[in-house]
Structure formats: C-alpha cells, structure tokens
2 protein chains.
Amino acid sequence: MTVERVPAGLVGATSHGHLLELIRAADGLSRQQLLSTTGMSRATLYERLDTLTRRGYIYEAEPLDSTGGRPSRKIRFEDRGRVVLAITLGQTHGTVSIADTAGRQLRSFTKTLDVSDPAESVLGPLIREGQALLAQGKNETLLGIGVSLPAPVEAGTGHVRHPTTLPGWAADSVVAAVNASWDLPLVVENDARAAGLGERRSDAETVVYVKVGTGIGCGIVVEGSILRGAHGAAGDIGHIRMTPDGPLCRCGRRGCLAAYSSGRALSEKLSARGFKNMAAIRAAAGAGDPAVLGALESAAEVLGSALAATVTTLNPDRLVLGGEVGSMDFFAQQVGERVLADVVDRIGEGLVVETGHQEDVAACSGLATLVMRKIFAPGAVDQVFSEEAVRTASGNPRR
Amino acid sequence: MTVERVPAGLVGATSHGHLLELIRAADGLSRQQLLSTTGMSRATLYERLDTLTRRGYIYEAEPLDSTGGRPSRKIRFEDRGRVVLAITLGQTHGTVSIADTAGRQLRSFTKTLDVSDPAESVLGPLIREGQALLAQGKNETLLGIGVSLPAPVEAGTGHVRHPTTLPGWAADSVVAAVNASWDLPLVVENDARAAGLGERRSDAETVVYVKVGTGIGCGIVVEGSILRGAHGAAGDIGHIRMTPDGPLCRCGRRGCLAAYSSGRALSEKLSARGFKNMAAIRAAAGAGDPAVLGALESAAEVLGSALAATVTTLNPDRLVLGGEVGSMDFFAQQVGERVLADVVDRIGEGLVVETGHQEDVAACSGLATLVMRKIFAPGAVDQVFSEEAVRTASGNPRR
DNA sequence: AACTTTCGTTTAAGCATTAGACATAAGTCC
DNA sequence: GGACTTATGTCTAATGCTTAAACGAAAGTT
C-alpha cells in the first residue's frame, strides 16, 4: 500500500482553503460570522482574508442589515468575471458556452457538425469559436474547460472509451485538442452524466436524468456525485432487456429498451409513414398527428415501465427527461404517468417526473460544476498556498 | 444558512486523527514511514504518537525487515481486545455477536423469536445474552453497538420507519432499548443494507446484495457507502412490477417481483404439494425434488430478469444473494445465469454473481463497519482531543 | 568489528496564533 | 443631534506549537 505525501504544518484547520469553502458554501459571510464560526482570533482571520483578497479569491460585498450598530459587510467568493468554457457535443450539433461559476450559461454558439467525423475537424472549429466567444468578454478570467460528448468517458483521465459512436477518435483526442489551446483545468464527461449533474438543484438531491435521443443514455446523480459503477457503465439502461424476444437492437440482441423507445426506433417505425427525421416527428407530434402520438405513446409505455424499475432501485427525488425525444412534453408526460402507475406509493411519493432544461444548458451547468470541483476540491486551494510557501521558503532560506 | 462551529487551531493538518487514519488505513506504518509521508518533524510526530499510545489508540507491533540497519517497528491501530456488539434480527431468529474491529464474528449466540412481538420482549433477552457474551471476554473493551432488523430504518436517527413487519414497535424502540443498557455509539440499520455492506470486500467495490427470504430486500453499496435514495427507499426491488397483470402481491398490486420470487410466494405455491415451510423446501431442493427445483427455477428466472435491470443500472462488481431462498446454491446459480444472459457484455464483464456469507455474519461485519465509522469518522478523534484541550484550558487557565 | 538504519530525547530558535486593547466607522434609537 | 451599539481595522506582547539539528543508544547487516 502506498501512502501519499501530505504537506505538513502548512495547512491549518482554518486554512485559506477551509475559509474559502466556508464562504463559498454559505454564499458569503461577514467577518463577525467568520470569527464566531471558526473561533479564530481576529488577527489571524484578518490576515487570511487579506491574503485571499489579494489573490482575488474573495471580495467585500454589500453590507448586511444593521442589528443596532455598524452593519457588517458580507465577504463573498470572487466569482465576478470568472468563467468556464463548456463544449457540449451532440450527434449533429455542438455548442460552445461561456458560463459563470454557478454554471449559468452567459453566452453560447451552436453549430452543426457530424460527430462521427475525425476528432480534429469536430473539435477544432468549436475551440476556435470558443476563443472568439472568450474574446467578447471584458475583464473575464477563464478558470477551466469542460467538454461533454455522446460516448463513454473514463473518469480520471477524460479519455474517450468505446468510441463506437465516434469512429477514429483516439482515446485522448479531446484532452489533447483542448490542452493544445489552453493550459487550464479540464474535465471531459459523458453527455447524459453532465446534463444529469446540471439538472440537480441541490447536492442533497438524487436525480436520474434520461436522455432519449438517437439512443438512450442516462446520468445518475446521487448526493451530488455521478454514479459510475464498477466499469463506468452504470446507467446504460438503453440495453435493459424488456422482452425475451423483442425487436432486434443495434447491439445484436433482442428486446432491448432502445429497440422500443429510442429516437432511432421511432424514426424507423415512422419512416414508412413519411416522417424522414426527428424534426419532422417533433413537428407532427406538436400538430397532434395521431400516428406519431400513437408511436410516442407506445415508446413511452415501454420506457416508463423500465424507468419504474430504475426508480424503484434508486428512489430518486426527480426523474428528468431530455434529448430530442425525451424533451417532448407529450412523451415525458406519458412516461411519467406510466412510471407513477408502476411504482409503489413509498417510491412514488414525492417523485417528480419532468422534462429538463435544454440539453446544452444542463450539460454546461454540469460541466461548470465539475470544473469548479476540480479547481476548488477540498484542500486544493491550500495546495496552492503551501506550494507557494515552499517556493518562498527555498527562495529565502531561513538561515 | 447555518454554519457549524469549527474547533480552531486545535486541529492541525497532521493532527492526531489524521495520523490515526493514516495508520489505520495502511494497516500499520513505521515511524520512519510516518516521518516521510507526513513530512512532520521528528519531535512533533513522536509527541503525537506518544499521546495516541497513552490513550490506547495505537501500539507498537512487530519489527519490519531490516534494510541494512536497525529494523523499524510497525505502529498499528490498537484493535486488540476492542470489540463491537452486533444484534441481527430476522423474522424468526435473532443473533447476538461479538466482533472485532474488522467485523469478524468472534463469538455469537442465536435464539428463536418472533419479530412481530413487542420490541421489549424481542430485544430484552438478546441484550441480556449480549451482556453474557461480553462477560465471557477477557480484557475486552466494547466500542459500540450495531443492530440490524428487517424493516426500513431512518438513517441519522436509527428510528424504525414503517414498522408494518414490526407491529407495535415505536420508532425509537431500538435506540431506547439499547441506550438503557449501554452509553456507547449505536447504529441501527436495515438488515439487507447491513449485510450488503458486510459483503463488500473493499471500499472501491460496488455491491448489490439481494436478500430473498420471506420478502425481498436489497442493499446497494457504492464505494463503501450505502445507497439510500431520496426517502430512504432505494433498493426496494421486491415491488418492481414484472408484468401488468401478474399474481396478487401483499402490497395490493399485481405482478410485483415479490409475488413471483419471494419465499412467501414459493411457500404458497408449494404448500399444495405438502411443503409446509422454508426448511422443508430447502431440504427438498437439496434432495433434488423436481417440483421444488421447478418452482425455484421459475422464481429465479423472474428474479434474474429483474436483477438484470438493476445490474444494468448500477454496473456493480458483484451481485450477492442471501436470505433463506437466495442462499440456496441452485437458486443463486439459476439467477446468475439469467442475469448474465440478459445483460450486455459491457455490464456482464467482470460481474460476479454468488451467494454471500451466512446472513448474521455478513450483517455483523457491516454493522461493525458502521460502528467504527461512527467512532472514527474523519475529525472525530480530533474532536475528542480538542474537547480535552478546551477542558484543560478552562481547568487550568493560562493566566 | 565496522557499518547502516532506526529510535528516542533534547535543545534553541522560529513562526503562527492568540488575547486584548484601542481607535475608528457606521449604523440605530430616542 | 447625541447616546448607544456593533463592526471594522490595526497593533502589541505573550504564548505555545513546530521545526531543524544534533547526539547517543539500539539493533540489525555485512
């Protein structure tokens, strides 16, 4: 067993990082609150706050209401002008967004693409668009980059894993392409997982996000962290077997959920009736075409009964539907009804089934969260300060 | 938003607790290793180790192999003579165990009972047996108590929640009964969850534990922590609906998994053939009775296809079967075959399906883990030291 | 016996942290 | 407007934890 080295002495209990975490988590605190909650001495606390201010981590915000004397002023985490760049790749579209540290999309640019093209030709233009978007901002600091894409992604490395949907993409193609342009913290994540994380409203929530697009993807978020499973394949619900002998699935097996309820299955079913693509199907559904609604209804029925099992297993607070098919209100409503009908009261109580935000908005938010976590992981800020202390110490030896 | 008070200054980066965690996690380290991994000075480290030794948290163990000079001696976490008491309640039996800090059952006592009796009359005798078991040990220190039972349990409080299986049990009956006898850390947990935690082999593993007894329970363990879900109902897989119109379940709905594959369903099916109870069924299965094997096979088939969905959702390392029905090798094998047949390669790869340890052994191990976590939670040891420091400071004021 | 490595203790010095005091700022209350 | 209250900002001497360094002893290997 290996034991990692721990920087000693340099990181105290109420270290810079700890203070910053307190301030960030509480969405701002006054000096008095910090004094009482940390129990630190005034001198030390002020010195720390000074340093954090000088480094640009915090700033003094609006005064709080007076309780009879001089009002205290709130110390906030410095998020003004700090942005994250998010690239969200779909099968046919890609979006570059600039987001604030809370994951709100500030501005974005979407272009059409074919994700099955080589990585370079897909990512290159988006990265250039990202740089253009960044150039539009004034006094903005880019903190990090997040990329989501419709393929499995290895957690630690950000490597693309089974690039069947992305033929010819080398495992490290995303990491390499982004690193060539920016030397900043980078996260790469599967699209449904990023969107699922972006859809959660608090870290206490358990959310199941189901993306029904061409295929069926799923992101499960439990207490703020993404459920990955033993081999990173958790949430691969598209290939739950619904019937012993159902329609043939692309995976070569029969009766998979995706063979009933995916956008591809729908398209194939409806192409005979003249609906050429998803846009046509969505339009017809909006217009109330009975054939389309019927197809959606039966797709939703199968998906709903599968998700009932998922919901029973995980007992989430919310089940969020996204993707080109999943985001259709009619479809989502049908799924919701079926899920709630199939589930015992104890599980159904309090369960919310709904359509999510636009996918690039959700994924952008999730990616920003991941980037911020990478940068401000517990202790990470202290690492910065302690490394600096080491540098200073060796630069100015004590004796 | 409330901010908890943080003990300041008293807890350093390489605090007593941190050191103890290092030592415990590494299963023992030499002083030299501690010096290099923590980077502390010799004086400080030795002072800390002194204190920890005096408090009985660590001890000096066997010397390591020499690398050419004086051999270093291993410092170990003091677990000698430290025990945890575990009470594991089933429908018809209860077991009291004494376990070491790693959760190994040292000695135990099992008695028959009816868990639907009042809490007092169920727990009272077991607590007295526990005290008798403790009296048998020499130089043992009891660190805490764990109780598992076949009902939902509220996470933080240890309150019994929907005591339908335990009529007349007040929510706090377990907590009250144990606290009347011991003033020590106590954890109460659902039986399948405790057993699931006990079945995991490392904190990296994702384990799905399925208890098929009278009913069907499930404990999901992801990276060492129990998945509870929004309302604590995660893993309630017995009521996954398998067919729109299946046999009537006790819950009043039709087609639930439990109506196909639970011990109750099996008994009802086989009672017509003269098998009066589970013991008779187990015996007949062992003897190869075709009617029993047939019933088991179809029960396993339904359970297997349900668990295929669960496994697809969670992608666990292992699927462990327990309970009176689940622990039958024939049954477990049938389930395993069905799961692996229904699951895509990516999920099935590396998946192990197997029967678990005896249930009280597994639950005992899980409970011990929970008790140790409660006692040695990150920072908890430091809390002890810092409280002591505060007491000392106020007892002997500095000036 | 020489060498190597760990153990255990001691020193003075260094440094971060503290309590406390004091002055100032900026509100409320009458 | 004046008294009161509460928060901010800065300074000081005292305190006590942590460190580096040294040294002698212990316990192995070669």
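In what follows, chains carry the letters A, B, and so on, assigned in the order in which the sequence lines appear, proteins first and then strands, with residues in each chain numbered from 1.
A straight line from CG of B:Asp50 to C1' of C:dG8 spans 10 Å, rounded to a whole angstrom. Rounding to whole angstrom units, OH of residue B:Tyr46 and C1' of D:dA21 are separated by 15 Å. To the nearest angstrom, C1' of D:dG28 lies 11 Å from CG of B:Asp65. Atoms CG (B:Leu29) and C1' (C:dT6) sit 15 Å apart, rounded to a whole Å. Straight-line distance from the CG atom of B:Leu45 to the P atom of C:dT10: 16 Å, rounded to whole Å. In this entry the distance linking CD of A:Glu47 with P of D:dG9 reads 15 Å, nearest Å. Atom CG of B:Leu35 is separated from atom P of D:dA21 by 14 Å (rounded to the nearest Å). Here the P atom of nucleotide D:dA7 and the CD atom of A:Glu60 are 14 Å apart, to the nearest Å.
Within 6.0 Å of CG on B:Asp50 lie more than 12 heavy atoms contributed by other residues, nucleotides or ligands.
The shortest distance between side-chain heavy atoms of B:Leu34 and B:Leu19 falls below 4.5 Å. Residues B:Leu367 and B:Val84 are not in side-chain contact: their nearest non-hydrogen atoms beyond the backbone lie 4.5 Å or more apart. Residues B:Tyr57 and B:Ile23 are not in side-chain contact: their nearest non-hydrogen atoms beyond the backbone lie 4.5 Å or more apart.
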Could you walk me through whether A:Ile75 and A:Leu29 satisfy the side-chain contact (heavy atoms from CB on, under 4.5 Å) test, starting with their C-alpha distance in whole Å, then the side-chain angles of each, then the deciding distance to 0.1 Å, before giving a yes or no? CA-CA 5 Å; A:Ile75 311 277; A:Leu29 286 170; 5.7 Å; no

Apply salt bridge (Lys or Arg N to Asp or Glu O under 4.0 Å) to B:Glu60 and B:Arg31, showing your working. CA-CA 10 Å; B:Glu60 187 167 276; B:Arg31 289 174 177 79; 2.6 Å; yes

Quick one, B:Arg228 with B:Glu189, criterion salt bridge (Lys or Arg N to Asp or Glu O under 4.0 Å). Give me CA distance, side-chain angles, the key distance, then yes/no. CA-CA 11 Å; B:Arg228 301 183 184 279; B:Glu189 185 53 277; 2.7 Å; yes

Each nucleotide in nucleotides 23-30 of chain C should get exactly one letter: B, S or -. Can you fill that in based on protein heavy atoms under 4.0 Å? -BBBBS--

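At the phosphate of C:dA19, neither OP1 nor OP2 sits under 4.0 Å from any side-chain N or O atom of A:Ser41. Contact annotation: B:Arg42 side-chain N/O to D:dA20 OP1/OP2 distance is not under 4.0 Å.
The side chain of A:Ser72 lies closest to D:dA7, out of D:dA7, D:dA20, C:dT18. You'll find that the side chain of B:Arg48 is closest to D:dC17, out of D:dT19, C:dA19, D:dC17.
Salt bridge present: B:Arg107 and B:Glu140 bring a charged side-chain N and a carboxylate O closer than 4.0 Å.
Two end axes, each from the C1' atoms of five base pairs, can be drawn for the helix from C:dA1-D:dT30 to C:dC30-D:dG1; they diverge by 30°, to 10 degrees.
In this structure, B:Gln32 reaches the sugar-phosphate backbone alone: every heavy-atom distance under 4.0 Å involves primed, P, OP1 or OP2 atoms, never a base.
Residues B:Glu199 and B:Ala362 approach most closely at OE2-CB, 3.5 Å, considering heavy atoms.
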